[in-house]
Amino acid sequence: MSSHGTGSTGAASAAHSSAPAPASSAKAGLGELAKSYSPKETESAVGEVWRSANAFRAEPAGIGPRGNAEPYCIFIPPPNVTAALHLGHALNNTLQDVLTRAHRMMGQNTLWMPGTDHAGIATQTVVEKRLLQQGKRRTDFTREEFIAKVQEWKDEYEATIISQLEAMGSSCDFSRTRFTMDPVCAAAVREAFFRLFKDGLIYRGYRLVNWDPVSRTALADDEVEMEEVKGHMWYLRYPLEDGSGHVTVATTRPETMLGDSAVAMNPKDPRAAALRGKRVKLPIVGRVIPIVEDDYVVLPAELAQQVGADASDPKAAFATGFLKVTPAHDPNDWEIGQRHGLKAINVMAEDATISDRHGWEDVSDEARAFLGLSREEARKRIVQWFRDAGLLEKAREYDHSVGHSYRSHVPIEPYLSEQWYVKVTDDRLAGAAIRAMAPDQVDGAPAALQRGGPASGDGELRFWPERYAKTFQMWHENIRDWCISRQLWWGHRIPVWVAPESAAQHAVLAPFVKSGRVSEMVHSGKRFVCVRREGDREAIQSLEANGFTQDSDVLDTWFSSALWPLSTLGWPDPAAAGLEPNLLATFNPSDVLCTAREIITLWVSRMVMFNRYFTPDHHLPFRDVFIHAMIQDGYGQKMSKSLGNGVDPRDIIHSHGADAMRFTLVQMTTNTQDVRMPVDMIDPHSGEVFAPATIRTSAGHTVADATQVSPKDPSKRMVSGYGFASGVATPTDAMPLARNTSSKFDLGRNFCNKLWNATRFALSNLSAGVGDPVPVSELPLVDRWIIARLHRTMHTVEDALASYRFNEYAEALYDFVWRDFCDWYLEAIKPTVKQDARQRRTLRTVLDASLRMLHPICPFVTETLWPHVQATGEAGLPGIKLPPSATLALADWPSIACSVEDESAAALFERTQAIVNAIRNKRGERQVQPKKRIRLQAPSEILALVQASEGIVESLCGLESVGELVPGSAPPADGVPFAFEGREVVLSGLVDAVDVGAERIRLEKTIADRERQISGFRGKLDNAGYIAKAKPELVEETKAKLAEAEADLAAARRLLAALA
RNA sequence: GGGCGCUUAGCUCAGCGGCAAGAGCACCGCGAUUACACCGCGGUGGUCACAGGUUCGAAUCCUGUAGCGCUCACCA
């Protein structure tokens, strides 16, 4: 089919020869472009063109050729280094690149800041998993040794990710690439922590956290996954202390009863009066605990109705009205405990085994038997104990959802511990985030908006699509303080040193505090000292000499991510970080953040809070937030690194090319929430595409089986992407890794090929020279029409881009290039362009402008074609400016004046298209061979239209003659009549003999269609409400349509009569 | 339970108050014509999930129902 692999006359040689200086050295000519676009052979050369032109380097204000231009900046959502990028990232980054490239071409000083995220818990987990496969554990190494291993992993995947971004054509300023744990970012983290600590916004909190008993670390709320679990509801009897009876509590977690410190009941409960002041003797433990009254307790349905309380609470269905209160092991119980001054008795160790060493003191002999048991085992034995003691009232099956660690997948234990918190509930953080919202996107009474005065950034944050503003608002209205300490090794170590409080510390600390090098606080008998600078050895040595030790925990990853728009630009001091002093001021605030919706709470929120808090004028990190769709696999599951169902963009680049991938992704970016991407596999043994065999994981996900059998040869096998990502299967020479693909990308591939061939055709004509510019009014009709279409397309594209309607951008160009330019313009000019230099000027100009507008979506193919097109001579017409440029990536966006749009020419050409379509339709209906010439006879009004088309109707319809149809004269014997614009028109020479019966059926169908239309239009026009209330233009339009339909109907009836 | 979204041609999706509802793929017919078979020309195919309502006019707005998906919170 093409010259793949020959390299002799193909695109590869053309691109390679032009790579060092594409525009100047390229000699355009048909022979240089292969018959079809072969991305593999050109993409790397194009990448080299951009690299050698330093095309994506951004400089701060005042420096470089764009130093005085308005800045445009996007911060990449830093991909985490746990794994390679998948198609979700490809979508995310393609959209950012489209914006970046378009704004660069529009002349702005444009920075797309790239980098990666260390993803503390996730990365540590994948490395630990790999070590486990080698039979080793984290604790077999020192902290430093282990971190070095994680670092190795990070280096490998960081390089992979950057190379994936480059392969996709991402126009990031790679010279500024950052990593959230590099020294520049680490300095920002240190300063931010210090300031928050000093300002009282970081504090030590002793409370229940989400505890992962396997990983033995605290987790943030958003790191907990809810999973449906089949369990039981146990009804336990607790005897009253005075022996007068018992109360029954319902619980799913009987093992926590060892730590109960009260039983609660609702004060409205009819039984409350009798029980008020009584106490309960806790079985097994023997602890005597009070019965407290609290509104939180739900009454059982029957009682609720009796006292007129709300019985609709789902809990009412199984509640007993008595609630065991275990403050140390349940968040709600903790709240009740706080309200009633109850003790929190922690009965578990850090691994969630029953323990008497973490706050449980009154262990009875009977209870001692349960020490050391796991949660699950303790539950069984305690239930058995109650059953044996006759205190188990009943048990029933009960399904409920339980929080699980997204890391180890075991149930989370609400666990009492002391952690570091950021007080995000403070108005300076959450309040500032809500005040940032654009007022028209804030839901409900803007109470929050009224709290603060207008600061810069207030009211400026806008979500696209706007429905996501609600997510942002609700998150901040219900926000809870943020637990930021993690008991991990991989991450930013918390810069706090601690020692038991003592008077002697003052003398040591005073000078450091005074000079602002440290900040201190005292909490529960300990002194905590935050050291501002990592390099402050003097302060650290002094602290350590006085018995202080550094907190061994690290910070939540999102703490450093939250600083990304600041840290990447060198905050707090770019110069000290070795960067340009005004880098930060130039590019923060940035313009838009592109991300997925689950990131709104995790990251967008925190960036907004931190950027506003840390900048003196409280400005935003970005003004717009664009939320794009989530890419799902063919089974409706989110593509994710952890599930391993992601498709590597390099696979799609391999099968379809980077531009095809990009175009397709942009084209599918509507404002929907999810897009499905059915994934096929390519057999590495045969190259055949097939649907992979799937399995269901224990968690219920459908994924490609880890190994697959070759569809061609059952003796051969391969490893799937899932098999590789999950570590289940390792590719070998005999069992290689299979690439994925998806036929979805055919759309983009076909389009790129179409553009390639249209350009090839244009080049073959342009070699005759492009002529001097002439006013648009002097050009042939079809030229004036295509220029009008070009102008309108440019506006559609610009409007779409300005409001992030990416699919409209792609579709406007798809239709313009394929439908208007290829199907109509190129076909129409074929007979004339070789002789008409004016027309070649139009062709040159339209092609040039099209490549420019398409470049942000398809940078590789457009840049490859660019030097060939540039070499044909000057582009542009009066009103259309297309200044030359060596590289397309740095070329100007087209400038097209509205005055070039000739509306009457456009309208006339649209009538031309209509008659061409009508004639083609008649040919098609009769299966006339394309080569066969036919004759047209039409009344003078229609003949005038045909003549005005300047030969286009004749050439596009294969007409050998056009003649006047005199009214009343007999039509030719082989005449095929039809109605056009209410006139009778006859085609002849289509067939040897007219099939009168078939002709009658066609005419009768036309008559029926028109009659239906006419009755529709008349219905509207007879409706007084329509005449009175609809827009006048619309009424006029309807009248015109009615008239035309009536004329067509009359013509068809006359034709039918003549046929008989 | 709260929030968000989806349900339009066989498939994947646009359209979100006003032409006789669109695209790509698939399908059917004609076609190796000096850009392109990753192609050209023509065609088939839809009571726009269902039920009410608002309106001169509803796929489009409102209410309700059903199914699907995501997300947050929570269950003793």
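Quick note on labels: first sequence line is chain A, next is B, and so on, each numbered from 1. Heavy atoms only: backbone and side chains are in, while hydrogens, waters and symmetry mates are out.
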By nearest-nucleotide position on RNA chain B, the 5'-leaning member of A:Ala250 and A:Ala762 is A:Ala762
Pick the nucleotide of RNA chain B nearest each of A:Met474 and A:Ala758; which residue has the one closer to the 5' end? A:Met474
Any donor-acceptor N or O pair under 3.5 Å, side chains [X], [Y]:
X: A:Ser605; Y: A:Trp475; value: yes
X: A:Tyr1026; Y: A:Thr1038; value: yes
X: A:Thr248; Y: A:Lys394; value: no
X: A:Arg844; Y: A:Thr872; value: yes
X: A:Arg760; Y: A:Asn757; value: yes

So, does [X] get its side chain near the phosphate of [N], meaning an N or O under 4.0 Å from OP1 or OP2?
X: A:Asn921; N: B:G43; value: yes
X: A:Trp475; N: B:U71; value: no
X: A:Arg676; N: B:U7; value: no
X: A:Lys931; N: B:A32; value: yes
X: A:Asn807; N: B:C13; value: no
X: A:Thr670; N: B:A14; value: yes
X: A:Asn917; N: B:G42; value: yes
X: A:Gln927; N: B:G29; value: no

By the 4.0 Å heavy-atom rule, please label [X] as base, sugar-phosphate, or nothing.
X: A:Arg1010; result: base
X: A:Tyr398; result: base
X: A:Leu747; result: sugar-phosphate
X: A:Phe663; result: nothing
X: A:Arg1012; result: nothing
X: A:Cys752; result: nothing
X: A:Glu808; result: nothing
X: A:Lys324; result: nothing
X: A:Thr672; result: sugar-phosphate
X: A:Tyr468; result: nothing
X: A:Asp823; result: sugar-phosphate
X: A:Asp330; result: sugar-phosphate
X: A:Asp746; result: nothing

If the [atom1] atom of [N] is compared with that of [M], how far apart are they to the nearest Å?
N: B:U54; M: B:U60; atom1: P; answer: 15 Å
N: B:G45; M: B:G53; atom1: C1'; answer: 32 Å
N: B:A32; M: B:C36; atom1: C1'; answer: 13 Å
N: B:U12; M: B:A26; atom1: P; answer: 15 Å
N: B:C6; M: B:G46; atom1: P; answer: 25 Å
N: B:A66; M: B:A51; atom1: P; answer: 15 Å
N: B:C38; M: B:C27; atom1: P; answer: 14 Å
N: B:C13; M: B:C72; atom1: P; answer: 23 Å

Would you kindly check whether a donor in the side chain of [X] faces an acceptor in the base of [N], or vice versa, at under 3.5 angstrom?
X: A:Lys830; N: B:A35; answer: yes
X: A:Gln667; N: B:A23; answer: no
X: A:Lys754; N: B:C36; answer: yes

In short, A:Ala1052 meets A:Thr1006 closest at the heavy-atom pair CB-CG2, 4.4 Å
Kindly confirm or rule out a cation-pi arrangement of A:Lys754 over A:Tyr814, judged by NZ or CZ under 6.0 Å from the six-membered ring centre and within 45° of its axis? no
Nucleotide of B:A76, B:G24, B:C36 approaching A:Tyr814 most closely (side-chain heavy atoms): B:G24
Heavy atoms of other groups near A:Glu910 CD, more than 12 under 6.0 Å: yes
